[in-house]
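To start, the structure under review is shown below, and the notes come after it.
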Number of protein chains: 2
Amino acid sequence: MSKKKYTIADIAAMAGISKGTVDRVIHKRGKVSKKAHEKITRILKEIDYQPNLVARNLKKNKTYTLYVLLPDPAKDPYWAPCLEGITAASDEFQAFGVMIDTAFFDPSSIKSFNSKCRQVLKNKPDGVVFVPLFYQEALAFAGDCERNDITLATFNSYLQEGQASSFIGQDLHQSGRIAGKLLHQLLGGDRKMAVIHVDEAFQNAIHMQEKEKGFRDYYGGLNDGSEVVTHTLPHKDIRNAGKSMQHFFKAHPDVSGLFVTTSKGYLLEGALPGTHAHIPVVGYDLITQNIDALKSGTLDFLIHQNPRQQAYLGVSYLSEYFAFDKQIPDRKLLPIDIINSENYIHYLQ
Amino acid sequence: MSKKKYTIADIAAMAGISKGTVDRVIHKRGKVSKKAHEKITRILKEIDYQPNLVARNLKKNKTYTLYVLLPDPAKDPYWAPCLEGITAASDEFQAFGVMIDTAFFDPSSIKSFNSKCRQVLKNKPDGVVFVPLFYQEALAFAGDCERNDITLATFNSYLQEGQASSFIGQDLHQSGRIAGKLLHQLLGGDRKMAVIHVDEAFQNAIHMQEKEKGFRDYYGGLNDGSEVVTHTLPHKDIRNAGKSMQHFFKAHPDVSGLFVTTSKGYLLEGALPGTHAHIPVVGYDLITQNIDALKSGTLDFLIHQNPRQQAYLGVSYLSEYFAFDKQIPDRKLLPIDIINSENYIHYLQ
DNA sequence: CAACAAAGTGTGGTCGATAACATTTTTTTC
DNA sequence: GAAAAAAATGTTATCGACCACACTTTGTTG
């Protein structure tokens, strides 16, 4: 597994050529005769030369600045774990000259997002990790970054891959399928299921739709007479939730399982009519209210989107790209963790 | 978040003293007047000096050797993912002068383990990552390592923490509870459950017992008349499994859920009598046979012990310890992943 | 108060990669 | 074939931490 390490000086000696020329070959800086070029290339291949990243790094001695742009955790606790991920990555790469700044935008305000984008651009960072919550605006920002030679990584929401841009997140369609499977496991087949959309923010619409599609895809594949209906809660106000759900169950008394496509599952606590008080529910995200609902039995399973890890990886990818010339994966899909009241603890923090 | 970086030369200039003296203070090498010592200490604290790890590393320019000692994946496929984890860590830290060798022992042979231990010691590595499958022998080996100033990390099985030794694994008791919760979710309360131990290897006994305890702990806490019985399959031979299970169900026809405490859950495929063919089963580990059983419906849930990540972290911890003077955590408990037929794919590889 | 020991301090080479600059070799031009 | 231009190659300082060694200051002894 291990093998001898060669330095540029070693290679130069082997080739009977100065290390300056070796370096020129390695970095394709030209001004090398093809005779020398061939000789050195052959040796490099032969010994599978791996440059000493430590030395390279020291010589470069550049500090890189990264900006992380994400929704304000104070406005939506879903984002709070991201801070830990960012801090962890920051601690790890600080010693390698990567400096990380953070900016929060209001997830309900495009204006706030645009303003923070301008702030980030003004600081001319080497890389930006951000959550493209608002599609059009995010696209524009990505364009700005590209024009300014800023390397990008996005997480949580899909924007686009390619060039200087990477995506870290989850397969939402599949996570909908998983919710379907879980309810199927709990209830058996030939049932009527409901997809409940609870969110006031339009920018989550695509997420919710993808999840619903996956869910319906799973139940469609069963071909056992199962049925899926959809209900959208107009407001996240808890009193409205109760009324709305009672209304819904009057129209669909035979629904025997719920899939809540957002992190608002906890709103069902006390909002379900007595007839359906103990109906199985699958929801999303390990926010404290949901964990309480998991413990109390209102929610049966949560699907964990691992925001901490998403942010951590986004920062890590860019840091390693700048510090160690590592390639950034175009797309990284995280595992879709299934959480119940007994295993949630390991996914916190 | 980011802050200015100071070098030893900076500090020396600030204190009006040469960098040699600054270095002596930093490393407590003595031979410094208390006047100079105070002055430098104050400045160090003031600016929160963080040495440039890159430069430090380059100067040291030492290559560290690690040995990973684990059961042969050819004898038990459970261990195969560890190799990927080791390779990933190896690729990552090779550039920082960490070389990794691997040795396999036969998980059914203490002699093989001892022989490999001797081989490892003969190579005098700086650190060893190993699976302490055989408790007494592992303890002896750990002692040998300590005497030879070899830093240790263990994974999968618990040995002991402290001094130069770290443990990476899972909370087995809790994973038993999780299995209990899953079956409870699938079946509801007031049921009779069975713990099935399927393994020929005595060294897994402690693992199996811990899981059973957790499982019983969960069902005991329900206080709803639930009952748990235990059944041990003497051999892993599939024909015996069928006979043994038929026997078992004759004695306990009212058992409505199974918890298999090892990775041998797939052996139940076709081994359950018609009366109990579709009884819910929770098992362990993402080996291919189990995934097939998950797809076919013989198994409902698997608990993932993440051997890949365990090995990866073991190697990473030691590598970072040697390369970057990072502290090794005494104990790292990994999340206990719940797997069904829809989300297993993300946990492979 | 020499002479010497001990304590404190400063200097410069090293790790390996990098690139600016200096030097040598080859090619082109009249 | 000599001068000039172009191409190829060699040399060396640098990044920051580290430490052996050289050096200077202080303290001690006869």
Side-chain angles (χ1 to χ4, degrees), chain A residues 3-41 43-44 47-64 94-98 322-326, chain B residues 3-41 43-44 47-64 93-99 322-326:
Chain A
K3 55 191 162 193
K4 191 181 169 348
K5 295 200 115 199
Y6 293 89
T7 71
I8 286 193
D10 292 335
I11 295 164
M14 282 189 251
I17 283 175
S18 80
K19 60 204 185 96
T21 303
V22 176
D23 185 68
R24 270 181 285 261
V25 171
I26 290 171
H27 292 281
K28 305 185 173 122
R29 289 196 276 126
K31 314 207 167 196
V32 177
S33 66
K34 55 179 170 305
K35 209 177 78 182
H37 189 278
E38 265 167 39
K39 196 173 201 171
I40 293 170
T41 309
I43 295 179
L44 287 176
I47 64 171
D48 183 30
Y49 170 70
Q50 301 290 129
N52 183 328
L53 295 187
V54 175
R56 173 175 290 178
N57 212 275
L58 176 60
K59 181 55 181 67
K60 281 210 202 134
N61 196 36
K62 189 167 154 29
T63 61
Y64 301 93
Q94 177 166 311
F96 298 106
V98 181
F322 286 115
F324 307 131
D325 277 327
K326 263 208 190 172
Chain B
K3 56 190 162 193
K4 192 181 168 349
K5 295 198 119 200
Y6 293 89
T7 72
I8 286 192
D10 292 335
I11 296 164
M14 283 188 249
I17 283 175
S18 80
K19 61 203 182 95
T21 302
V22 176
D23 186 69
R24 270 181 285 262
V25 171
I26 290 171
H27 292 280
K28 305 184 172 115
R29 289 197 276 125
K31 313 204 170 199
V32 177
S33 66
K34 56 179 170 306
K35 209 177 77 181
H37 189 278
E38 266 168 38
K39 196 172 200 170
I40 294 170
T41 308
I43 295 179
L44 287 176
I47 64 171
D48 184 29
Y49 169 71
Q50 300 290 129
N52 182 326
L53 295 187
V54 176
R56 172 175 291 179
N57 213 272
L58 176 61
K59 181 55 180 66
K60 280 209 205 138
N61 196 35
K62 188 167 155 27
T63 61
Y64 301 93
F93 293 102
Q94 177 166 311
F96 298 105
V98 181
M99 296 296 157
F322 287 116
F324 308 130
D325 276 327
K326 263 209 191 172

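In this text, all values refer to a predicted model and were calculated from it rather than measured experimentally. Below, chain A is the first sequence line, B the second, and so on; all start at residue 1.
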Heavy-atom check, side chain of Ile40(A) versus side chain of Ile26(A), under 4.5 Å: no
Ring centroid separation Phe96(A) to Tyr64(A) under 6.0 Å: no
Val54(A) side chain reached by Asn61(B) side chain, heavy atoms, under 4.5 Å: no
Donor-acceptor pair between His37(A) and Thr41(A) side chains, under 3.5 angstrom: yes
Short side-chain N/O contact to dG16(C) OP1/OP2 from Arg56(A), under 4.0 Å: no
Spacing between Lys59(B) atom NZ and dG13(C) atom C1', to the nearest angstrom: 9 Å
Residue mapping more 5' on DNA chain D - nearest nucleotide basis, Val54(B) or Val32(A): Val32(A)
Contacts of type ring pair (Phe, Tyr, Trp, His ring centres under 6.0 Å), residue Phe93(B), not counting sequence neighbours: none
Bend angle of the helix from dC1(C)-dG30(D) to dC30(C)-dG1(D), end axes from five pairs each (to 10°): 50°
Set of residues satisfying salt bridge (Lys or Arg N to Asp or Glu O under 4.0 Å) with respect to Lys60(A), sequence neighbours excluded: Asp325(A)
Ile11(B) side chain near Leu44(B) side chain, heavy-atom distance below 4.5 Å: yes
Stepwise side chain to side chain contact (heavy atoms under 4.5 Å, CB included) test for Val22(B) and Val25(B): CA-CA 5 Å; Val22(B) 176; Val25(B) 171; 5.8 Å; no
Close side-chain approach of Tyr49(B) to Ile8(B), heavy-atom, < 4.5 Å: yes
Side chains of His27(A) and Asp23(A) in contact at under 4.5 Å (non-hydrogen atoms): yes
Rounded interatomic separation in angstrom, taking CG from Leu58(A) and P from dC15(C): 14 Å
Length of the NZ-P vector between Lys31(A) and dT25(C), whole Å: 18 Å
Close side-chain approach of Met14(B) and Tyr6(B), heavy atoms under 4.5 Å: yes
Interface with DNA chain D, restricted to residues 33-40 of chain A and to heavy atoms under 4.0 Å: Ser33(A), Ala36(A)
Criterion side chain to side chain contact (heavy atoms under 4.5 Å, CB included) on Leu53(A) and Asn57(A), from CA distance to verdict: CA-CA 6 Å; Leu53(A) 295 187; Asn57(A) 212 275; 5.8 Å; no
Nucleotides bounding contact with chain A, strand DNA chain D, heavy-atom threshold 4.0 Å: dA8(D) to dG16(D)
Sugar-phosphate, base or nothing in reach of Ile8(B), heavy atoms under 4.0 Å: sugar-phosphate
Residue-level proximity of residues 15-28 of chain B to DNA chain D when a heavy atom falls under 4.0 Å: Lys19(B), Asp23(B), His27(B)
Lys5(B) vs Gln50(B) side-chain heavy atoms within contact, under 4.5 Å: no
